[in-house]
There are 2 protein chains.
Amino acid sequence: MRDTEQSIIDAAILIFNEDLSAPLEKVADQAQVTRRTLHRYFKDRKELMDKCQKEIRRACEIAITNAYYASESPLERLEGMFYAGLDCGSKNTFLHKLHTLHDHKHQAANEQCSEYDHTFELWKGNLQVLLAKGVIHQTMTVDWIHNFFQSVVVVFINSQQKGSIDRPAARQLAWFSFSKGIGI
Amino acid sequence: MRDTEQSIIDAAILIFNEDLSAPLEKVADQAQVTRRTLHRYFKDRKELMDKCQKEIRRACEIAITNAYYASESPLERLEGMFYAGLDCGSKNTFLHKLHTLHDHKHQAANEQCSEYDHTFELWKGNLQVLLAKGVIHQTMTVDWIHNFFQSVVVVFINSQQKGSIDRPAARQLAWFSFSKGIGI
DNA sequence: GTATTGTGTCTCAAATGTGTGACATATTGC
DNA sequence: GCAATATGTCACACATTTGAGACACAATAC
């Protein structure tokens with residue numbers, strides 16, 4: 001009986017990712033609970049949002065960290081972390097989206113922002129290593145690559161939602177597009 | 001005095017692209033206009049939305065068509081049309097987003113959908129030619145490439161919003177990531 | 001079984017968003 | 001300057017969303 005909270009968070013991530021101001025009823029529907037129940041777990045919209053961000057960061061950070069330590073070669077690391085990011089799916093892209101809104105002022109002072117930065121520290125660090133080594137095309141910047149990565153995740157998610165390509169094939173395609181797209 | 005309507009549409013595209021259910025007040029603010037004025041030009045939210053879609057399709061279709069007829073070589077066409085898409089910016093990605101929402105059922109019967117399909121007919125047709133010729137990597141599908149294209153546009157827009165890379169450089173980067181990413 | 005806990009239903013008040021009328025003010029074309 | 005037009009301000013009714021209380025019912029633990 002007790003993963004209601006989690007299922008609401010998952011639903012919220014799915015819904016908010018597409019429609020930031022969607023009514024909470026939509027989230028409740030997606031989670032197959034009443035709005036009343038949703039409010040029992042989350043005081044208000046803001047609290048739900050915050051819990052979503054926490055959950056996202058938790059999941060992404062674990063996935064990325066595991067992938068990082070699974071290998072010592074920067075290039076293998078890149079691939080592993082890339083797949084980890086894919087597997088985080090909309091969690092990944094939603095977090096990124098929140099921090100790229102046109103009126104969002106990204107600042108290290110803000111706790112949410114600094115935690116966001118921390119989540120992708122290993123990933124960006126590894127990118128820098130590869131850039132320095134010349135493995136990645138020299139015109140690339142870490143920011144560009146990071147945005148590009150997030151975008152490829154979106155493409156992957158879309159392909160899975162439509163169901164036109166099966167998961168392993170889509171993963172391969174995604175890695176192809178990403179790795180070639182940054183000049184590897 | 002008379003591009004208020006246009007500026008409201010532009011603002012709406014920007015805002016709705018990030019937040020589909022954003023209150024109209026946000027749109028008005030972005031357009032530097034009162035909500036009252038917004039309502040003088042647009043009966044209600046739906047009418048504004050429809051006008052946005054019309055404007056988007058108009059702009060994208062002109063850009064894509066011009067680019068198509070600017071060359072006879074499929075590969076040159078691809079590059080020209082790619083840049084045209086970049087220049088349409090968020091117009092492009094917003095339209096695409098509306099037709100990839102998880103609860104959106106894409107159907108040719110729907111007028112909006114068929115107009116959407118029409119907008120990218122030349123673009124997708126040209127992709128097919130390149131696929132058939134073997135210029136594009138054979139594991140790619142037209143759908144994947146199209147989604148991938150839209151994603152790269154998002155990356156481009158983000159880079160411009162942050163202002164970290166100047167426009168020509170970003171265009172070049174975008175083309176690099178896109179063309180290599182589909183195996184050219 | 002009974003007690004406990006989680007959820008649904010119904011209800012309601014407050015807050016927020018929407019659309020419009022009336023009128024004042026600003027801007028434009030002549 | 002004057003007339004016409006566009007926009008802003010204020011006020012309002014109405015709709016939707018939000019958050020919570022009261023209580024019933026179902027599931028679970030013991």
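Throughout, a chain's letter reflects where its sequence line sits, starting with A, and its residues are numbered from 1.
Atoms CG (B/D3) and C1' (D/dT5) sit 15 Å apart, rounded to a whole Å. If you take CZ of B/R45 and C1' of C/dG17, they are 9 Å apart, rounded to a whole angstrom. Straight-line distance from the CE atom of B/M49 to the C1' atom of C/dT18: 15 Å, rounded to whole Å. Here D/dG8 presents its P atom at 12 Å from CD of B/E25, a figure rounded to the nearest Å. B/D44 has its CG atom 22 Å from the P atom of D/dA13, to the nearest Å. Taking atom NE2 of A/H39 as the reference point, atom P of C/dC12 lies 18 Å away to the nearest angstrom. The distance from atom CZ of A/R36 to atom P of D/dA22 is 11 Å, rounded to the nearest whole Å. The nearest whole Å value for the distance from the CZ atom in B/F42 to the P atom in C/dT18 is 15 Å.
The structure places NE2 of B/H146 at 4.5 Å from CZ of B/F120, a figure rounded to the nearest 0.5 Å. To the nearest 0.5 Å, atom CD1 of residue B/I157 and atom CG of residue B/N17 are 6.5 Å apart.
For B/L24, whose side chain is taken as the heavy atoms from C-beta onward, the closest listed nucleotide among C/dT9, C/dT18, C/dG6 is C/dT18. For B/P23, counting side-chain heavy atoms from C-beta on, the closest listed nucleotide (D/dA6, C/dG17, D/dT18) is C/dG17. Relative to the side chain of B/R40, the nucleotides D/dG8, C/dG19, C/dT18 differ in distance, and D/dG8 lies closest.
Residue B/F82 is tested with B/F176, B/W175, B/F156 for a ring pair (Phe, Tyr, Trp, His ring centres under 6.0 Å); the sole match is B/W175. The side chain to side chain contact (heavy atoms under 4.5 Å, CB included) test with A/H106 singles out one residue from A/D117, A/L101, A/T100, and that residue is A/D117.
B/R35 comes within 4.0 angstrom of a base, heavy atoms only.
Residue pairs that meet the salt bridge (Lys or Arg N to Asp or Glu O under 4.0 Å) test with at least one member in residues 56-68 of chain B, sequence neighbours left out, are B/E55-B/R58, B/R57-B/E115.
For D/dT7, the OP1/OP2 oxygens have no side-chain nitrogen or oxygen of B/T37 closer than 4.0 Å. A close approach under 4.0 Å does not occur between any side-chain nitrogen or oxygen of B/Y41 and OP1 or OP2 of D/dA6.
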